[in-house]
2 protein chains.
Amino acid sequence: MIVRQAANVLEIMEFFAQTRKPATLAEIADHFGWPRSSTFNLLATLSEKGYLYEPRPRAGFYPTPRLLAMAQMISEVEPLPPWTHTLVADLSAETGETASIVAPAGVMAVFIDVVESQAAIRYFATIGHRVPIHATASGRALLLQYSQEERDSVYRKIEFKQYGPSTPISIDAVEAELRNSIDRGFCQSFGDYSRDLAGAAIPLPIGGRRLSVVVAGPEFRIGPRVQEVAALIARTVDRLRPKAAA
Amino acid sequence: MIVRQAANVLEIMEFFAQTRKPATLAEIADHFGWPRSSTFNLLATLSEKGYLYEPRPRAGFYPTPRLLAMAQMISEVEPLPPWTHTLVADLSAETGETASIVAPAGVMAVFIDVVESQAAIRYFATIGHRVPIHATASGRALLLQYSQEERDSVYRKIEFKQYGPSTPISIDAVEAELRNSIDRGFCQSFGDYSRDLAGAAIPLPIGGRRLSVVVAGPEFRIGPRVQEVAALIARTVDRLRPKAAA
DNA sequence: GATAAACGTACATATATGTGAATTTATCTG
DNA sequence: CAGATAAATTCACATATATGTACGTTTATC
């Protein structure tokens, strides 16, 4: 069950992140199609907790720096080493596609760092974006780092759906694809999850954390050069990863 | 009316900001005294929206960098000029007390930047902290920047409560104190809002925004040297504020 | 300066939602 | 490797909660 008002809080904050200017109660209510009274209660709650204020009288609400302060606290622990951001930045620059660092989240994989392609047609993803772990290159690069038991445990919770023509719709299909990936030397996906979307990924274990790097983009651009892209990922990781660390 | 699940989202995030490590459903539920099932729904919602993930299987949840990305977006607009942080940092260092930048939020004043005192006994405040605008030095330094009509509009919404022995409990009392402040050259408060708490503040208009700076601490330390502290604030602002700007 | 429109706020009520208990799944222990 | 213990899910129901409606206030229009 989704907790509506919890989601609404996030949506309001995302709204401010997009518009980047103060908004009145009425504007917010209209934007989301929420009743004024409900919007009023929400804004009052956020204000009371110190996350919203009124920069100038009658000009509407805007978030206080409190959210930033909190987010910085949270992110200071176990931050990704700086070279991982260089990694995705370099990969995106060299391939012209979207590059990301991905982490596991149950049956899903979450993007925890993203550098987007500059191309007009591109894979649009943001930090926090989630995709099924078994039906994506990046996700399978995570699964490769699991033990058989851990994978089985994940499989039990997966609801196998036919996202696209090539989606693996059984445990066996996923396991087979994982074996292929090992032989091939990297993980790939051609429209397994999202139509026309292709990607190449490899595992990226960092200090006990199971992560992966992926380069993804439209099938017509990635397809002809998956090998090449995968090799580039591997080389770039080799170049940037400190030699001492695991 | 306070929206409970909205507040809960913020509390969960604050919890992570404090503990700075992954927490399981059970730990979170126990910490807040929430039922497991409700906690489950909340965590599921936050995960689904991409704000929480499971760094390693069965080791609990932790926020993704998405919150940080969002907060940075929000804060990039109209950021406070860097010298304002230097201002509160210097003031806190020189006085040994807590120094803050404060902004209006209806009948309240919000702390939007804070450098805390290092003293054992100190004024504890964080970014986002809110105090009544009429019953604090920092708040009155904001009111001084309002027109009479704007002030009247605020007064109508204030619920005058006797927070402490010297709280102004009427419009006249507030207006009188504002006149005193003008004559005195700065705003002050001795336990008006919080017992044993004293502070000195001056208006700090920046680029059309109505802000104030305040130095606050225990009455026994601030009391004997309000004048001195207020003068220091004024001098420090003069020193740091760029000459060209308003 | 008067009138109209928009906006923000309060409250009672029907209903969407949170929750206690039951079920399933995972982990620990001898 | 069982059996026990703890954690994670599910579900039906009662109740806490979102909202329709109404009112006062502020801003825009003429």
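Residue numbers begin at 1 in each chain, while the letters A, B, ... track the order of the sequences.
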For residues B/Tyr62 and B/Phe16, establish whether the separation of their ring centroids is below 6.0 Å.
-> yes
A/Glu150 CD to C/dT25 C1', straight-line distance once rounded to whole Å | 16 Å
May I ask you to evaluate whether A/Gln5 reaches the phosphate of D/dT17, defined as a side-chain N or O under 4.0 Å from OP1 or OP2?
-> no
Spacing between A/Glu159 atom CD and D/dT10 atom C1', to the nearest angstrom | 15 Å
Using the closest heavy atom to pick a nucleotide of DNA chain D for each, name whichever of B/Asp152 or B/Glu27 lands nearer the 5' end.
-> B/Glu27
5' precedence on DNA chain D between B/Val3 and B/Ala26 (nearest-nucleotide basis) = B/Ala26
Rounded distance in Å - NZ (B/Lys157) to P (C/dG8) | 9 Å
State which of D/dT26, C/dG20, D/dA8 makes the closest approach to the side chain of B/Ser153.
-> D/dT26
Nearest of C/dG8, C/dT19, D/dG20 to any side-chain atom of A/Leu25?
-> C/dG8
Between B/Arg4 and D/dT17, is there a side-chain N or O to OP1/OP2 distance below 4.0 Å?
-> yes
Hey, is B/Glu175 close enough to B/Arg140 for a salt bridge, meaning N to O under 4.0 Å?
-> no
So how far is it from A/His134 NE2 to A/Ile169 CD1, rounded to the nearest 0.5 Å?
-> 9.5 Å
Once you round it to whole Å, what is the distance between P of C/dC7 and CG of A/Leu43?
-> 14 Å
Is a donor-acceptor contact shorter than 3.5 angstrom present between the side chain of B/Ser37 and the base of C/dG20?
-> yes
Would you call B/Glu14-A/Arg66 a salt bridge at under 4.0 Å N-O?
-> yes
Of C/dT19, C/dA10, D/dT9, the nucleotide closest to the side chain of A/Phe40 is C/dA10
Starting at atom CZ of B/Arg36, determine the distance to atom P of C/dG20, rounded to an integer number of angstrom.
-> 12 Å
Is there a donor in the side chain of B/Asp192 and an acceptor in the side chain of B/Ser166, or the other way round, less than 3.5 Å apart?
-> yes
Find the distance B/Trp34:CH2 to C/dG18:C1' and express it as a whole number of Å.
-> 12 Å
Could you give the CD1-to-P distance, from B/Ile2 to D/dT19, as a whole number of Å?
-> 17 Å
Between P of D/dA7 and CZ of B/Phe61, the distance in whole Å = 14 Å
